[in-house]
Amino acid sequence: MDLRPLPRAFYARPVLSVARDCIGKHLVRDTADGRVVGRIVEAEAYRGPEDRAAHSFGGRRTARTEVMYGPPGHAYVFFVYGLHHHVNLVTTEIDKPHAVLLRAVEPVAGLELMAERRGMPATRRELTNGPGKLCEAFAIDRRDNGIDLTSAPLFLSDGAVCKVARATRVGIDYAGAVWAARPWRFFDPASRYVSKSAGARSRR
DNA sequence: TGAATGATTTACT
DNA sequence: GTAAATCATTCAA
């Protein structure tokens, strides 16, 4: 498998295009313990400042959101609920706080390491089928906030093209019905690792 | 300075 | 199905 990082040009595009195109791509993570690789099967677009569901809504520019205003191709990592991390791809261009949340991957390599970090057998779907879960399996935390995604230790690499389905985003009801209804979640309908297929046209 | 809350996960009834 | 865990960030005073 050829695991070269995608160029910055991949990220320097409209956020919805990046969110759709990263389905099927590989996420590669290197640490002292070794390398883990996953195939991205679910992602969501957040388009601040007009997107009420985005942290950068209203042009909010704080220590936390600062990374999203920087150049595309960097990681925006944040901490929620007192125990979980989420990782985003910063996209588009400088001063446009648009980002793609990675919600789920299919384990491809380094299964043992992921299982050890998650404290469960590598055969379980729960290994990486959620945004907080994949961060734990990939050992991503807020020390990775702002790192460059065009080189190790964290980057996206090419993958096979697959079908991509759309649905509404998850867990953003606080943004109101209008924004919650935007079909800005993209996923591979054939994957068993998608966190929630409900809300999509396909069932099960 | 202090209070409220969340791009969730997990365990328990 | 529901509820608890748990803390950085944000906003108000």
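Just so it is clear, the structure is predicted and the values come from calculations on it, not from any experiment. A, B, ... follow the sequence lines: proteins, then strands. Residue 1 opens every chain.
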Measure CG/A:Asn145 against P/C:dA8 and give the value in whole Å, please. 14 Å
Centroid-centroid under 6.0 Å between A:Phe78 and A:His55 rings: yes
Any stem touching DNA chain C, meaning at least three consecutive Watson-Crick or G-U pairs under 3.5 Å, ordered by first number, would be B:1-6 with C:7-12, B:8-12 with C:1-5
Could you tell me which non-hydrogen atom of A:Pro107 sits nearest to which non-hydrogen atom of A:Thr128, and how far apart they are? CD-OG1, 3.4 Å
Less than 4.0 angstrom from a charged side-chain N to a carboxylate O is my criterion; do A:Asp158 and A:Lys25 meet it? yes
Closest-nucleotide 5' rank along DNA chain B - winner of A:Gly171 and A:Glu126: A:Gly171
Less than 4.0 angstrom from a charged side-chain N to a carboxylate O is my criterion; do A:Arg169 and A:Glu44 meet it? no
salt_bridge(A:Arg182, A:Asp51) N-O dist < 4.0 Å: no
Its 5'-most and 3'-most nucleotides having an atom under 4.0 Å from a non-hydrogen atom of chain A, DNA chain B is contacted over B:dG6 to B:dT10
Students often get this wrong, so: under 4.0 angstrom with heavy atoms, is A:Tyr81 touching a base, only sugar-phosphate, or nothing? base
What does A:Tyr76 touch in the nucleic acid at a heavy-atom separation under 4.0 angstrom: a base, only the sugar-phosphate, or nothing? base
Please report the distance, rounded to the nearest Å, between NE2 in A:His55 and P in C:dT10. 9 Å
Can you tell me how far C1' of C:dC7 sits from CZ of A:Arg64, to the nearest Å? 12 Å
Cation-aromatic face contact A:Arg166/A:Phe187, 6.0 Å, 45 degrees: no
Above 12 or not: heavy atoms from other molecules or residues under 6.0 Å from CD of A:Glu116? no
Euclidean distance, atom CD of residue A:Glu66 to atom C1' of C:dT10 [Å, nearest integer]: 16 Å
Regarding A:Glu66 and A:Arg61, does a basic nitrogen lie under 4.0 Å from an acidic carboxylate oxygen? yes
For A:Arg60, does its backbone N or O pair with a side-chain atom of A:Thr65 as donor and acceptor, under 3.5 Å? yes
Is the base of C:dA4 syn or anti, where syn means the angle lies within 90° of 0? anti
Is A:Arg60 near enough to C:dT10 that one of its side-chain N or O atoms lies under 4.0 angstrom from OP1 or OP2? no
